[in-house]
Amino acid sequence: TPFLLSQEQWNFGCNLMSTEENSWVLKTTEAPAPVPPPCRSPEQRLFTPNEAQHPPSEMEVQVEERCLEQVQTMVVGEVLKDVDTACKLLNIEPDPLGWNCVHVQKWLLWTEHLYRLPQVSVMFQELSGRDLCSMTEADFRQRSSQFGDILFAHLDIWRSAAAMKERCPPEDTADEDSWSDVMCNFPNQPIHLWQFLQELLLKPRNYSRCIRWLNKEKGIFKIEDSAHVARLWGIRKNRPAMNYDKLSRSIRQYYKKGIIRKPEVSRRLVYQFVNPVEWSARGE
DNA sequence: GACCGGAAGT
DNA sequence: AACTTCCGGT
């Protein structure tokens, strides 16, 4: 089946065009969840805006089509990138068909977080990715009458993304991401907390609302949203009960190891990497 | 709520 | 070993 834009992706594309915040995956710290109504016939929506009046000329049609094409390419690229990011964060592969129950739960946890849903993952326990993919929207609704459609739509995005990937695998966005690719793409390599924090700090576009550098050269950073960072860490380590109390305890374990410390003047939620030289060499 | 470290568990 | 969990105290 062809890759169709969902309402959500279309909205995202519009945001992108207006140079707004450009990550829909991690747009989480403000505003209530961007809960899109699942759109089963997106192509209609794509072509309806503003052509009600006079019939457009041939050239106008061509221009518009090319524009839409560009937007679509851009959106697809962003979706793939965001799926990638989520995969790294969750340590799962992009294709839902390959997921086991644990992977499914991680993905559900992530989706809950993304759309700010209440805990719905319990309704999907013991399901593999293959099970999930064989379910209809009605099946989803049966397990969660309120949010089944959202989960179904989000799974659809992932399946489409995986299909895209398979269709053109060698494309590979050979850009700035290669560093973290090398660091994280080996699946199931246990990640250290300090590495994880650096990963987040490396992507200010996505994470600056919850953690950011105060002084990158000195390695001083501030956790802006402790609960959010803890949640992300919990997702990555598959520790649903993770919170800032525990995360900060782990950070404090670094004090005696000389990996992280409190800066000279201790400030609330501010920490400092002890030897920041190694990674400050490269830009974001 | 953040911060701190001891102690025990995984 | 690298956390995670829990906690009593600042």
Side-chain angles (χ1 to χ4, degrees), chain A residues 26 28-33 85-93 99-114 116 118-122 125-126 179-204 206-216 218-280:
Chain A
L26 293 161
T28 53
T29 36
E30 276 121 44
T85 306
C87 283
K88 270 179 220 158
L89 201 67
L90 302 173
N91 225 337
I92 63 177
E93 55 170 303
W99 293 345
N100 63 26
C101 304
V102 176
H103 299 151
V104 168
Q105 287 298 309
K106 281 184 172 183
W107 178 81
L108 285 166
L109 219 64
W110 173 252
T111 308
E112 287 167 7
H113 163 245
L114 199 61
R116 305 198 148 190
Q119 272 224 349
V120 292
S121 51
V122 280
Q125 261 158 6
E126 323 236 309
W179 181 83
S180 51
D181 283 351
V182 172
M183 293 302 284
C184 326
N185 251 8
F186 304 107
N188 292 332
Q189 185 144 54
I191 188 177
H192 290 173
L193 177 56
W194 61 269
Q195 291 177 309
F196 179 77
L197 295 174
Q198 278 175 32
E199 256 183 50
L200 299 188
L201 287 162
L202 212 60
K203 302 187 186 242
N206 294 340
Y207 301 106
S208 62
R209 279 197 205 76
C210 60
I211 182 171
R212 65 187 179 86
W213 293 115
L214 289 187
N215 184 332
K216 193 173 177 182
K218 292 185 178 172
I220 300 174
F221 62 98
K222 172 164 188 183
I223 295 172
E224 300 281 2
D225 184 340
S226 58
H228 190 182
V229 173
R231 200 157 54 234
L232 293 173
W233 175 233
I235 290 171
R236 177 63 170 266
K237 288 290 292 290
N238 203 18
R239 290 279 168 182
M242 182 53 61
N243 56 29
Y244 182 67
D245 184 48
K246 289 183 271 198
L247 186 151
S248 63
R249 183 71 191 90
S250 292
I251 291 180
R252 290 197 294 277
Q253 301 280 30
Y254 285 146
Y255 291 175
K256 58 179 164 220
K257 293 186 190 171
I259 297 172
I260 290 177
R261 68 178 178 213
K262 269 302 204 183
E264 249 68 306
V265 277
S266 180
R267 273 186 289 164
R268 183 168 252 233
L269 294 169
V270 176
Y271 297 92
Q272 175 171 20
F273 287 101
V274 172
N275 41 10
V277 198
E278 300 141 40
W279 62 78
S280 63

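In what follows, chains are A, B, ... by sequence order, proteins preceding strands, each numbered from 1.
Scored by the side-chain hydrogen bond (donor to acceptor under 3.5 Å, both in side chains) test, A/Asn100 finds A/His103 as partners (sequence neighbours excluded). Residues passing the salt bridge (Lys or Arg N to Asp or Glu O under 4.0 Å) test with A/Arg212, sequence neighbours excluded: A/Glu224. With sequence neighbours excluded, the residues forming a side-chain hydrogen bond (donor to acceptor under 3.5 Å, both in side chains) with A/Tyr244 are A/Tyr271, listed by chain and number. In this structure A/Leu109 satisfies the side-chain contact (heavy atoms from CB on, under 4.5 Å) test together with A/Glu112, A/Ser121, A/Ile235, sequence neighbours excluded. Scored by the side-chain contact (heavy atoms from CB on, under 4.5 Å) test, A/Val265 finds no partners at all (sequence neighbours excluded). Applying the side-chain contact (heavy atoms from CB on, under 4.5 Å) test to A/Asn215 and every residue at least two apart in sequence or in another chain returns A/Glu217, A/Lys218, A/Ile220. Qualifying side-chain contact (heavy atoms from CB on, under 4.5 Å) partners for A/Glu93, counting only residues two or more places apart in sequence or in other chains: A/Asp95, A/Trp99.
In this structure, A/Ile251 atom CD1 and C/dA2 atom P are separated by 16 Å, rounded to whole Å.
Among the atoms of the strands shown, only primed sugar atoms or phosphate atoms (P, OP1, OP2) are found under 4.0 Å from some heavy atom of A/Tyr271. Among the heavy atoms of the strands, none lies under 4.0 Å from A/Ser248.
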Produce a footprint string for nucleotides 4-10 of chain C: one letter per nucleotide, 5' end first; B if the base is under 4.0 Å from any protein heavy atom, S if only the sugar-phosphate is, - if neither.
BBBB---

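The nucleotide range of DNA chain B contacted by chain A, defined by atoms under 4.0 angstrom from heavy atoms of the protein and reported 5' to 3', is B/dG1 to B/dG6.
Of all heavy-atom pairs spanning A/Leu89 and A/Trp110, the tightest one is CD2-CZ3, 3.2 Å.
In this structure, A/Tyr254 reaches the C/dC3 phosphate: one of its side-chain N or O atoms is under 4.0 Å from OP1 or OP2.
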